[in-house]
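For the single chain, residues carry numbers from 1 onward in sequence order.
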Amino acid sequence: MQRRIALQPAHDQGGLRPDDAAGLGAELAAVVAGARRRAVRGGDRQIDTAHLLHSLLESDPEVRAAVGDAPQLARLLGYLVQRSIGYGLRWQSTVEDSGAIAVVPDPALYGGEPKDTGGWSPAAAAAMEDARRRARERGETRAHGTDLLAALVVDPQSRAVEVLERAGVPAHGLRARIEARAGEHADDGAAC
C-alpha cells in the first residue's frame, strides 16, 4: 500500500522565500533552502535550529572545522539523522521557543520593524537575524556559515544546542572556538 503525501503549497516545498535570502551569501542561502526542504520532508510545521544546524554541517567545511574532529562530526551527524527519521518526533507539532531569547527581536537592533517569523521557529528566526547582525558588525553585507553557527549556539535551550550537547559538543566551547577563529581572521585582515 502506498502512502499518500499531501501536496504542499509551493512556498512550503523547500524553496527560498524572498526575505529568507536577504543578507545571506549564496552558500548560506543554500543552507536555508536545505533546512526548509528538511522541515517539509519531516512534516515539521517550522524550520527550527536543528534543521539549520544539519544543513550547515552538510554544506560548510568551515562550520565542520569549528565543530570538531571526525569522530565528533560523525556522532553529531548521527544524532541529526536520527532526529530526521524519528528522534525528533517529540518535537513535531510544537514550536521551538525556549524563552531564553526574545521571540520578537528589538526592532532597533535590526534596523526596522520586526519581521513575521512565518515558516520559522522563533529561535531559528532569532538566529538568522543574529547571523545577519554579526556580519554587519564586521562591516560585511552577507552572513557566513560560522555567523549562523555562532548564532545557533547562543540559546542554551534551542534544539540545535540540545543535539550538540547530546553529541558531546559543548555549545559554550563551540562558541569560544568560533569567536577565536573570528579574531584570527580579523588579525589576518589587519596584517595585510
Side-chain angles (χ1 to χ4, degrees), residues 14-17 19-42 44 46-85 87-88 91 96 98 101 117 119-138 140-182 185:
L16 275 178
R17 295 178 183 176
D19 60 339
D20 289 348
L24 305 179
E27 297 85 9
L28 208 47
V31 165
V32 170
R36 184 176 303 286
R37 282 190 300 276
R38 193 174 303 290
V40 169
R41 249 192 335 257
D44 298 321
Q46 296 177 322
I47 298 170
D48 65 27
T49 58
H51 294 123
L52 288 169
L53 176 63
H54 197 161
S55 194
L56 257 179
L57 287 167
E58 287 180 336
S59 65
D60 193 321
E62 196 171 343
V63 166
R64 288 191 298 273
V67 167
D69 59 13
Q72 280 184 307
L73 283 169
R75 186 169 179 175
L76 178 55
L77 285 168
Y79 274 109
L80 287 163
V81 167
Q82 287 175 14
R83 185 264 171 136
S84 68
I85 61 172
Y87 166 73
W91 289 337
E96 176 187 36
S98 66
I101 55 176
T117 60
W120 295 86
S121 73
M128 292 299 295
E129 287 298 325
D130 188 38
R132 290 178 179 108
R133 179 194 56 79
R134 289 170 185 274
R136 283 191 305 271
E137 285 178 355
R138 280 194 320 276
E140 296 185 26
T141 58
R142 304 277 184 209
H144 299 285
T146 52
D147 293 321
L148 181 54
L149 181 61
L152 288 173
V153 299
V154 166
D155 180 357
Q157 301 301 310
S158 73
R159 292 176 182 170
V161 169
E162 180 181 344
V163 172
L164 285 162
E165 297 282 341
R166 284 180 184 246
V169 181
H172 67 280
L174 179 55
R175 186 170 43 240
R177 283 194 304 276
I178 295 166
E179 297 300 328
R181 284 175 180 254
H185 291 304

K.L.:
Hey, does Thr146 have a side-chain heavy atom less than 4.5 Å from the side chain of Arg134?
P.N.:
no
K.L.:
Check whether any side-chain heavy atom of Pro122 sits under 4.5 Å from a side-chain heavy atom of Gln46, and report yes or no.
P.N.:
yes
K.L.:
Quick check: do His144 and Glu62 have side-chain heavy atoms less than 4.5 Å from each other?
P.N.:
no
K.L.:
Test Asp147 against every option in Arg132, Arg136, Arg138 by the salt bridge (Lys or Arg N to Asp or Glu O under 4.0 Å) rule and name the one that passes.
P.N.:
Arg138
K.L.:
Between Arg166 and Glu162, does at least one N-O distance fall below 4.0 Å, as a salt bridge requires?
P.N.:
yes
K.L.:
Could you check His54 against Val81 for side chain to side chain contact (heavy atoms under 4.5 Å, CB included), going step by step and ending with a plain yes or no?
P.N.:
CA-CA 8 Å; His54 197 161; Val81 167; 4.2 Å; yes
K.L.:
What residues, two or more places apart in sequence or in another chain, satisfy side-chain hydrogen bond (donor to acceptor under 3.5 Å, both in side chains) together with Arg64?
P.N.:
none
K.L.:
Heavy atoms, side chains only, cut-off 4.5 Å: are Leu80 and Glu58 in contact?
P.N.:
no
K.L.:
Ignoring hydrogens, what is the shortest heavy-atom contact between Pro61 and Ser59? Give both atom names and the distance.
P.N.:
CD-O, 3.5 Å
K.L.:
What are the two closest heavy atoms between Ala124 and Ile47, and how far apart are they?
P.N.:
CB-O, 3.5 Å
K.L.:
State which residues pass side-chain hydrogen bond (donor to acceptor under 3.5 Å, both in side chains) with Glu165; sequence neighbours excluded, sorted by chain then number.
P.N.:
none
K.L.:
Do Leu152 and Val161 have side chains that get closer than 4.5 Å, going by heavy atoms?
P.N.:
no
K.L.:
For the pair Arg175 and Glu179, find out whether any cationic side-chain nitrogen is under 4.0 Å from an anionic carboxylate oxygen.
P.N.:
no
K.L.:
Contact between Leu53 and Leu149 at the side-chain level, heavy atoms closer than 4.5 Å - yes or no?
P.N.:
yes
K.L.:
What closest approach, in Å, do Met128 and Val32 show between heavy atoms, and which atom pair accounts for it?
P.N.:
CE-CG2, 3.5 Å
K.L.:
Check Ala127 against Ala151 and note the closest heavy-atom contact, atom names and distance.
P.N.:
O-CB, 3.2 Å
K.L.:
Under the rule for side-chain hydrogen bond (donor to acceptor under 3.5 Å, both in side chains), what residues qualify as partners of Arg75, not counting sequence neighbours?
P.N.:
Tyr79
